[in-house]
Enquirer: 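I'd like to ask you about the structure that follows.
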Number of protein chains: 2
Amino acid sequence: MSDRCLCKLISQSEIDEIKAALPNAETITRLAEFYKVFGDPSRLTLLHFLSKAELCVADLAALAGMGQSAVSHQLKLLRLSRLVKFRKEGTVVYYSLNDAHIQSLFDVALEHVMEES
Amino acid sequence: MSDRCLCKLISQSEIDEIKAALPNAETITRLAEFYKVFGDPSRLTLLHFLSKAELCVADLAALAGMGQSAVSHQLKLLRLSRLVKFRKEGTVVYYSLNDAHIQSLFDVALEHVMEES
DNA sequence: GTAATATATGAACACATATTCACATACTGG
DNA sequence: CCAGTATGTGAATATGTGTTCATATATTAC
């Protein structure tokens, strides 16, 4: 056991403050779920393509070099995360981005990744 | 098979452009790895606390309600991602944030999460 | 030296997840 | 209705991941 430290650098009132500022568990879970969506190269690639144009499933698969089924599964996730929207035209389904924040997220993360040695 | 569509809404030159704009595979992988770090409630909680103060492992564990070992394992990941730095003082190790972008990432994602119905 | 404490780490486990395969569904043209 | 095409989906599989447990390491006090 070692949860006894009660770090001397920080006062009890500071601890209370920090604890109080923590978003509630549900918000944290949702945040994590949101980030998780971006934590996969395939989805990141799909999102990149969709950030450039509205595209159908088959073309997304061709561009990303993925199987149609894999793309469809991932698009389902992206739909559930409300990151993409879609439009049906006959048998073809066109997907596009549904969120203005995505580009910002890309940019901030790119900065971090690029800064590394 | 169904990678035959060659979507009529988009020209070949546009396709070439979109393909060319895709970051190389290594960059995409690194981006995904970066986001993946944020895609876990425990790590998100630890990062939140560290965004408020420099804290030792035991206190992080107490604040986050996690075991010491679990915290240590996650801190290792955060170290490898260069998101935290640490400082030893005797047997105590104090961790703190190592990246100015983290707060921006939090904010953008929170906006997205909060916008949902 | 020994005891006590803080942190790190490897193995094991349970669980999540990305892809593939086979097939279902939905729409179109004839 | 039938054939063809585009997309969606469930099951199976392989791989990744977070926690726990036990233990190792490191530092301090005595």
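Scope of the values below: all heavy atoms of this structure, side chains included, with no hydrogens, waters or symmetry mates. Just so we're on the same page: letters track the sequence lines, and every chain starts at 1. Predicted model, so just to flag it, every value in this text is computed and none were measured.
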Enquirer: Which nucleotide wins on minimum distance to the side chain of B:His73, given the candidates C:dT7, D:dT20, D:dA6?
Expert: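 Of all the options, the side chain of B:His73 is nearest to D:dT20.
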
Enquirer: Under 4.0 Å between any heavy atoms, over every strand shown, what does B:Tyr95 touch: base, sugar-phosphate, or nothing? Just pick one.
Expert: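 Touches sugar-phosphate only.
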
Enquirer: Starting from P on C:dT7, measure out to CD on B:Glu89 and report it in whole angstrom.
Expert: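 Roughly 11 Å, once rounded to whole Å.
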
Enquirer: Would you mind checking if A:Glu33 and A:Lys36 are paired as a salt bridge, meaning a charged N to carboxylate O distance below 4.0 Å?
Expert: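 Yes.
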
Enquirer: Atom CD of A:Glu33 and atom P of D:dG18: how far apart are they, to the nearest Å?
Expert: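 So the two atoms are 12 Å apart, to the nearest Å.
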
Enquirer: For a quick test of reading the model: is some side-chain N or O of A:Gln74 closer than 4.0 Å to OP1 or OP2 of C:dT19?
Expert: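 Checking A:Gln74 against C:dT19: at least one side-chain N or O falls below 4.0 Å of OP1 or OP2.
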
Enquirer: Which nucleotide sits closest to the side chain of B:Asp40: C:dA18, D:dG18, C:dA8?
Expert: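 The listed nucleotide nearest to B:Asp40's side chain is D:dG18.
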
Enquirer: Nearest-nucleotide wise, let me know which of A:Gly90 and B:Val57 is further upstream toward the 5' end of DNA chain C.
Expert: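 Per heavy-atom nearest nucleotide, the more 5' residue is B:Val57.
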
Enquirer: Please round to the nearest 0.5 Å and tell me the distance separating atom CZ of A:Arg79 and atom CZ of A:Phe86.
Expert: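 The CZ atom of A:Phe86 is 5.5 Å from CZ of A:Arg79, to the nearest 0.5 Å.
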
Enquirer: To the nearest Å, give me how far apart CG (A:Leu46) and C1' (C:dA18) are.
Expert: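 Taking atom C1' of C:dA18 as the reference, CG of A:Leu46 is at 12 Å.
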
Enquirer: CG of B:Asn98 to NZ of B:Lys85: how many Å apart, nearest 0.5 Å?
Expert: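 Taking CG in B:Asn98 and NZ in B:Lys85, the distance rounds to 5.0 Å.
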
Enquirer: What is the separation between atom CG on A:Asp59 and atom P on D:dT5, rounded to the nearest whole Å?
Expert: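 Spelled out: CG on A:Asp59 to P on D:dT5 is 16 Å.
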
Enquirer: Of the nucleotides D:dT9, C:dT9, C:dA6, which has the atom closest to the A:Ser69 side chain?
Expert: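 So the nucleotide nearest the side chain must be D:dT9.
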
Enquirer: Think A:Ser72 has a side-chain N or O under 4.0 angstrom from the OP1 or OP2 of D:dG8?
Expert: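 The answer is yes; a side-chain N or O of A:Ser72 sits under 4.0 Å from OP1 or OP2.
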
Enquirer: Rounded to the nearest angstrom, tell me the gap between atom CG in A:Leu75 and atom P in D:dT9.
Expert: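 Spelled out: CG on A:Leu75 to P on D:dT9 is 11 Å.
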
Enquirer: Closest-nucleotide mapping onto DNA chain C: is A:Lys88 or A:Gly39 further toward the 5' terminus? I mean the 5' end.
Expert: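 Checking each residue's closest nucleotide, the 5'-ward one belongs to A:Gly39.
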
Enquirer: To the nearest angstrom, how far is A:Tyr35 atom OH from C:dT17 atom P?
Expert: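 Value for this atom pair: 18 Å.
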
Enquirer: With a cut-off of less than 4.0 Å, is there a side-chain N or O of B:Lys36 near OP1 or OP2 of D:dG16?
Expert: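 No, outside the criterion.
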
Enquirer: Mind checking the CZ-CG spacing from B:Phe49 to B:Leu63? Nearest 0.5 Å is all I need.
Expert: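 Taking CZ in B:Phe49 and CG in B:Leu63, the distance rounds to 5.0 Å.
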
Enquirer: I want to verify a distance call: between C:dA6, D:dA6, D:dT19, whose nearest atom is closest to the B:Met66 side chain?
Expert: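 Within the option list, the nearest is D:dT19.
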
Enquirer: Please tell me if A:Ser42 has a side-chain N or O lying less than 4.0 Å from either OP1 or OP2 of C:dT19.
Expert: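 For A:Ser42, the contact criterion (side-chain N or O under 4.0 Å from OP1 or OP2 of C:dT19) is met.
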
Enquirer: Roughly how far apart are B:Glu54 CD and B:Leu60 CG, rounded to 0.5 Å?
Expert: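 Taking CD in B:Glu54 and CG in B:Leu60, the distance rounds to 10.5 Å.
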
Enquirer: Between atom CG in B:Leu77 and atom C1' in D:dG18, what is the gap in whole Å?
Expert: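 Checked: the CG to C1' distance equals 9 Å.
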
Enquirer: Over how many whole Å does the gap from B:Gln68 atom CD to D:dA26 atom C1' extend?
Expert: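 Atom CD in B:Gln68 sits about 13 Å away from atom C1' in D:dA26.
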
Enquirer: May I ask you to say what A:Leu60 touches in the nucleic acid, namely base, sugar-phosphate or nothing, with a heavy-atom cut-off under 4.0 Å?
Expert: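 No contact at all - A:Leu60 keeps every heavy atom at 4.0 Å or more from the nucleic acid.
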
Enquirer: With a 4.0 Å cut-off on heavy atoms, is A:Lys76 in touch with a base, just the backbone sugar-phosphate, or nothing at all?
Expert: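 Contact class for A:Lys76: sugar-phosphate only.
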
Enquirer: Counting just side-chain N and O atoms, does A:Arg43 come under 4.0 Å of either OP1 or OP2 of C:dT17?
Expert: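 So the side chain of A:Arg43 is outside the cut-off, no N or O lying under 4.0 Å from OP1 or OP2 of C:dT17.
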
Enquirer: What's the closest nucleotide to the side chain of A:Val93 if the choices are D:dG8, D:dT19, D:dT27?
Expert: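 Selected nucleotide (nearest to the side chain): D:dG8.
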
Enquirer: Find the distance between CG (B:Leu47) and CG (B:Leu75) and round it off to the nearest 0.5 Å.
Expert: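 Atom-to-atom, B:Leu47:CG and B:Leu75:CG are 9.0 Å apart.
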
